[in-house]
Amino acid sequence: MACAPPRAEAAPAARSAATDSEASVAVAVEGPGWAAEAARRLRRHGFCVLTGGPGRGLAPAEVCERGAGAALERLGQLAGLWRQLGLDNSRDKVMFSEVCARRPGCRRYDVSLALAGLPADGPGPPGEAADPAWGELQGHIDRWARPVLRASGLLRPGCQDRAGCVVSEPGAPAQDFHQDGMEPGLVNAFMPLVPVVASNGPTEFRPGSHRSAWDLDSGSDGGCAADSDEERPAVAPEVGRGDLLLFDYRVFHRGLANCSAEPRPVAYIVYARHGLSDRHNFPDASLVEERIECWLVGPILAVLSVRTAGLDAHPFFASGCRA
């Protein structure tokens, strides 16, 4: 899978003071040390939040609005296609390379979107270029995620692997705790396109659950092995619109229920260690290609069915003498 070339620019300048406590997973971007501090928390807890400060995200509100509009429009197009195939998420899984609803009735749609700056045959839906609104949003995600990932040493080096948007619809139930993957070297960078609060389903984590016994014994978690998170309760951080949530694929997490009246879209980029790729969360089957196949083959089958019915009425075939 092709990788977006790494960017060489330095970490963005600080914009607000870091006032979080040691127990917090949030890091307000501040001075030359914010990326290292966020990286330490990512290694220790398995996740961390980057914030631009109260009331202002790391990405402008208008960029988030355009990105949300593009993602929701894409989801609407895909929903029309899977309904034409007779699928209904109230009773069916929806599992395609372009979109996944991994359980019947989950009302939570993982929409795969093309990575900006990559060719149409790169990661993402086959044959699609990135929407300009989505490309702009990806630029903001990458600007803030990459310094932390570089400081964390988790990817050594890393590249963008895939991108998308998770849309939790009103009434979406809470998920079970799960891992997105078990191999080290994959990290999600989530940017909410609306404020994520308790009512619309934040992501809940079990801090430290990504660390194996080897990690704890070797101290490869950033020197915090002696201070285990095992006794800490689950944490569901609220994340402002345009701020950033980074989390290791291995950490146990779940999306909580969306009890609000509005969809909750969260854009993401997956970053991967060189030679590693997420090939297990999306199937190869294309919804677009299946719909085209259905559109082409369906009428042919209908014609053959009519013709066969006509032959069945012929006295010779009706006699049962089919050679």
Side-chain angles (χ1 to χ4, degrees), residues 1-4 42 46-47 71 74-75 78 81-82 85 87 89 92-115 118 120-128 130 138 141-142 145 149 152 154-168 172-191 203-206 209-215 245-255 265-290:
M1 181 174 286
C3 288
L42 175 62
F47 64 102
R74 177 62 175 159
L75 176 58
L78 295 171
L81 294 179
W82 80 61
L85 294 176
L87 295 174
N89 182 235
D92 305 311
K93 292 182 182 180
V94 177
M95 297 293 293
F96 295 98
S97 60
E98 299 91 346
V99 60
C100 286
R102 297 182 175 93
R103 287 192 176 185
C106 68
R107 303 181 65 83
R108 191 182 307 270
Y109 303 100
D110 191 348
V111 181
S112 182
L113 298 168
L115 279 164
L118 291 183
D121 59 352
E128 286 191 17
Q138 283 185 18
I141 295 174
D142 192 70
L149 297 175
S152 75
L154 292 171
L155 307 186
R156 299 180 182 176
C159 64
Q160 294 178 353
D161 183 58
R162 66 179 310 118
C165 186
V166 177
V167 179
S168 173
Q175 295 177 303
D176 295 330
F177 276 104
H178 63 280
Q179 297 167 294
D180 283 349
M182 299 179 65
E183 190 169 356
L186 287 164
V187 176
N188 278 311
F190 271 28
M191 180 170 280
T203 303
E204 186 175 42
F205 296 92
R206 289 179 175 165
S209 58
H210 64 301
R211 289 182 284 165
S212 66
W214 183 87
D215 291 326
L245 169 65
L246 297 171
F247 65 96
D248 195 302
Y249 257 45
R250 298 169 294 168
V251 73
F252 280 87
H253 66 283
R254 62 173 182 160
V266 176
Y268 69 85
I269 296 177
V270 175
Y271 291 85
R273 189 183 71 232
H274 182 70
L276 188 63
S277 179
D278 178 355
R279 297 188 176 273
H280 53 273
N281 281 309
F282 283 84
D284 292 331
S286 167
L287 173 59
V288 173
E289 291 174 1
E290 289 222 6

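Below, each value reflects all heavy atoms present in this structure, side chains not excepted, and no hydrogens, waters or symmetry copies. All residue numbers in this chain count up from 1 along the given sequence.
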For E183, the option from R273, R250, R279 that meets salt bridge (Lys or Arg N to Asp or Glu O under 4.0 Å): R273
With rounding to the nearest 0.5 Å, note down the distance linking [atom1] in [X] to [atom2] in [Y].
| X | Y | atom1 | atom2 | result |
| --- | --- | --- | --- | --- |
| C159 | L276 | SG | CG | 9.0 Å |
| H210 | L42 | NE2 | CG | 7.0 Å |
| D161 | L115 | CG | CG | 8.0 Å |
| Q179 | L186 | CD | CG | 12.0 Å |

Do any N or O atoms from the side chain of [X] and from the backbone of [Y] form a donor-acceptor pair under 3.5 angstrom?
| X | Y | result |
| --- | --- | --- |
| N89 | R103 | yes |
| H178 | H253 | yes |
| E204 | R254 | no |
| Q138 | A114 | yes |

Side chains of [X] and [Y] in contact at under 4.5 Å (non-hydrogen atoms):
| X | Y | result |
| --- | --- | --- |
| L287 | L78 | yes |
| N188 | L245 | no |
| Y271 | D142 | yes |
| H280 | D278 | yes |
| S112 | C100 | no |

Does the pair E98/R74 count as a salt bridge with the N-to-O cut at 4.0 Å?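 Salt bridge: no.
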Decide, yes or no, whether a salt bridge links R162 with D110 under the criterion of side-chain N to carboxylate O below 4.0 Å. no
For [X] versus [Y], what's the shortest heavy-atom pair and its separation?
| X | Y | result |
| --- | --- | --- |
| G46 | V251 | O-CG1, 3.8 Å |
| R108 | A174 | NH2-CA, 4.3 Å |
| A71 | C165 | CB-SG, 3.6 Å |
| L246 | A189 | CD2-CB, 3.5 Å |
| L155 | G185 | CD2-O, 3.3 Å |
| A172 | R107 | CB-O, 3.6 Å |

Name the one of L81, D284, L87 that satisfies side chain to side chain contact (heavy atoms under 4.5 Å, CB included) with F96?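 Only match with F96 under side chain to side chain contact (heavy atoms under 4.5 Å, CB included): L87.
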Given R102 and M95, is the side-chain contact (heavy atoms from CB on, under 4.5 Å) satisfied, shown in steps? CA-CA 7 Å; R102 297 182 175 93; M95 297 293 293; 3.8 Å; yes
Check the orientation of F190 and F247. Use parallel for under 30°, tilted for 30 to 60°, and perpendicular for over 60°.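 Ring orientation, 0 to 90° scale: perpendicular.
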Kindly indicate, with the supporting measurements, whether the criterion side-chain contact (heavy atoms from CB on, under 4.5 Å) is fulfilled by Y268 and I141. CA-CA 8 Å; Y268 69 85; I141 295 174; over 6 Å; no
